[in-house]
Amino acid sequence: MSRWEGLDEFVAVAECGNFSRAAERLRLSSSHVSRQVALLEERLQARLLYRTTRRVSLTEAGKTFLARCQRLIEERDEAFLTISDLHSAPTGLLRMTAAVAYGERFIVPLVNEFMAGYPALKVEIDLTNRTLDMVHEGFDLAIRLGRLSESSLVATRLAPRAMYLCAAPAYLEKYGRPHTLSELGQHNCLIGTSDIWSFQHAGRDYQFRASGNWRCNSGQAVLDAALRGFGLCQLPDYYVLDPLRRGELVSLLEANQPPNTAVWAVYPQRRYSLPKVRLLVDALKAGLALCPEYRGQAGDQTV
């Protein structure tokens with residue numbers, strides 16, 4: 001007798017609340033479902049269900065066993081799906097999330113290009129600046145910026161991301177140019193989503209708490225304020241490279257620029273084997289490498 005026998009029947013009964021609905025879901029007879037659950041309990045030497053004439057409920061052992069069985073069945077089904085879909089075109093629903101501004105500017109256009117080639121694919125994109133719980137909220141893929149915190153998720157580097165401290169020439173003419181990190185406190189800082197600015201000093205990470213008379217949780221708005229000469233800003237490369245080339249902004253404290261971080265595709269480990277995730281990650285990496293903002297320098301390492 002297979003050790004898998006009875007698991008599907010038990011989970012169906014637990015989730016449906018009775019044997020008849022479970023049998024309908026599995027397209028089996030009620031007597032077969034009942035017999036398989038009884039045999040499972042006999043093998044385990046434990047009662048999993050309380051049975052009444054109207055419904056069934058889980059014992060304490062049943063509750064513990066159910067959670068494990070649901071994960072086992074999900075992983076088993078994904079394993080079969082992985083092999084059958086290994087060379088298949090992306091299908092089904094892909095749920096992903098990205099930061100609002102970055103997602104609108106870079107990610108959504110690339111996803112749209114990808115979808116044009118796979119009409120059987122459905123995509124839901126949640127643009128938010130909150131870090132969502134991917135597993136709990138059912139996301140297949142997240143695009144994250146900067147440094148990653150430790151987690152059980154897998155990350156693929158899509159592109160570099162450098163941070164620049166900048167100011168407009170008009171601001172520097174009026175208030176002077178900072179030459180050391182200790183001078184930053186003397187300047188008006190334009191604050192975006194965080195007032196903690198990162199630098200490098202003596203080979204170590206250095207964090208500065210910025211303060212000033214202006215704040216907005218939009219990188220584009222911070223850039224506009226900086227171009228108008230309102231103060232110093234720290235923004236990613238894709239906001240400021242063009243204004244720097246045109247001389248509209250001046251790069252400051254370059255010796256203290258923090259080490260490049262990155263743009264990451266993050267996903268639960270098992271999800272990458274699915275064509276819809278694997279092929280989209282590849283498309284995003286290739287697409288970002290072609291963007292003028294990245295000058296063909298997208299990374300290709302996986303961590």
Side-chain angles (χ1 to χ4, degrees), residues 1-97 120-124 126 131-142 150-156 265-281 302:
M1 177 179 290
S2 168
R3 293 172 69 86
W4 283 96
E5 284 189 33
L7 295 189
D8 291 279
E9 290 85 353
F10 163 67
V11 170
V13 171
E15 291 178 347
C16 293
N18 64 48
F19 284 89
S20 59
R21 284 200 295 269
E24 290 176 6
R25 188 168 94 176
L26 296 174
R27 298 183 180 181
L28 299 170
S29 67
S30 294
S31 60
H32 175 85
V33 172
S34 179
R35 183 167 60 254
Q36 289 298 317
V37 172
L39 289 172
L40 178 62
E41 289 178 318
E42 185 178 326
R43 292 206 310 277
L44 294 172
Q45 293 294 296
R47 190 173 193 177
L48 302 174
L49 300 169
Y50 292 120
R51 299 160 173 83
T52 68
T53 55
R54 293 187 176 182
R55 61 170 289 119
V56 297
S57 58
L58 291 165
T59 65
E60 284 302 313
K63 292 176 183 177
T64 301
F65 193 57
L66 175 64
R68 296 293 185 92
C69 287
Q70 287 171 323
R71 286 198 294 273
L72 282 170
I73 290 171
E74 179 183 351
E75 291 182 6
R76 178 200 64 188
D77 293 345
E78 281 195 359
F80 282 111
L81 185 62
T82 296
I83 298 302
S84 63
D85 283 353
L86 195 57
H87 304 292
S88 301
T91 60
L93 174 64
L94 186 149
R95 299 189 69 234
M96 64 180 297
T97 179
L121 181 66
K122 298 179 182 179
V123 172
E124 289 182 6
D126 189 338
T131 300
L132 303 177
D133 185 330
M134 292 187 62
V135 176
H136 179 72
E137 299 187 48
F139 285 96
D140 299 293
L141 178 66
E150 293 293 327
S151 76
S152 60
L153 301 173
V154 180
T156 295
V266 180
Y267 41 85
Q269 186 169 9
R270 297 192 306 275
R271 293 293 180 188
Y272 188 68
S273 59
L274 300 177
K276 62 184 179 182
V277 175
R278 186 181 68 253
L279 294 179
L280 178 56
V281 169
T302 302

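None of the values given here were measured: they were computed from a predicted structure.
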field: Trace of the side-chain contact (heavy atoms from CB on, under 4.5 Å) decision for E5 with L39
entry: CA-CA 9 Å; E5 284 189 33; L39 289 172; 5.7 Å; no

message: Pair H32, L26 - check side-chain contact (heavy atoms from CB on, under 4.5 Å), show working.
response: CA-CA 11 Å; H32 175 85; L26 296 174; over 6 Å; no

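Between the side chain of T97 and the main chain of A142, no donor-acceptor pair closer than 3.5 Å is present. A donor-acceptor pair under 3.5 Å is formed between the side chain of T59 and the backbone N or O of L48.
Annotation: side chain to side chain contact (heavy atoms under 4.5 Å, CB included) contacts of Q70 (sequence neighbours excluded): V11, E15, L66. For the salt bridge (charged side-chain N to carboxylate O under 4.0 Å, His left out) test, no residue two or more places apart in sequence or in another chain qualifies with E137. Annotation: salt bridge (charged side-chain N to carboxylate O under 4.0 Å, His left out) contacts of K122 (sequence neighbours excluded): none. A search for salt bridge (charged side-chain N to carboxylate O under 4.0 Å, His left out) contacts involving E124 returns R95, not counting sequence neighbours. Under the salt bridge (charged side-chain N to carboxylate O under 4.0 Å, His left out) criterion, R35 pairs with no residue at all, not counting sequence neighbours.
Between L40 and E9 there is no side-chain heavy-atom pair separated by less than 4.5 Å. The side-chain heavy atoms of V37 and R51, taken from C-beta on, include a pair separated by under 4.5 Å. Side-chain contact check for D140 versus K276: some heavy-atom pair is nearer than 4.5 Å.
The shortest non-hydrogen separation linking G6 to Q36 is N-OE1, 3.8 Å. For P90 against P275, the heavy-atom pair with the smallest separation is CG-O, 4.0 Å. Annotation for S34 and F19: closest pair CA-CE2, 3.6 Å, computed over non-hydrogen atoms. When all heavy atoms of L141 and A265 are compared, the closest pair comes out as CD1-CB, 4.0 Å. Heavy-atom minimum distance, L7 versus C69: CD2-SG, 3.7 Å.
Rounded to the nearest 0.5 angstrom, D8 CG and I73 CD1 are separated by 4.5 Å. Rounded to the nearest 0.5 angstrom, R43 CZ and Q45 CD are separated by 11.0 Å. For the atom pair CG (L58) and CZ (F10), the distance works out to 5.5 Å, reported to the nearest 0.5 Å. To the nearest 0.5 Å, atoms OG (S57) and OH (Y50) are separated by 7.0 Å. Here the CG atom belonging to N18 is positioned 11.0 Å from the CG atom belonging to L49, to the nearest 0.5 angstrom.
Counting only residues at least two apart or on different chains, the salt bridge (charged side-chain N to carboxylate O under 4.0 Å, His left out) pairs with a member in residues 60-71 are E60-K63.
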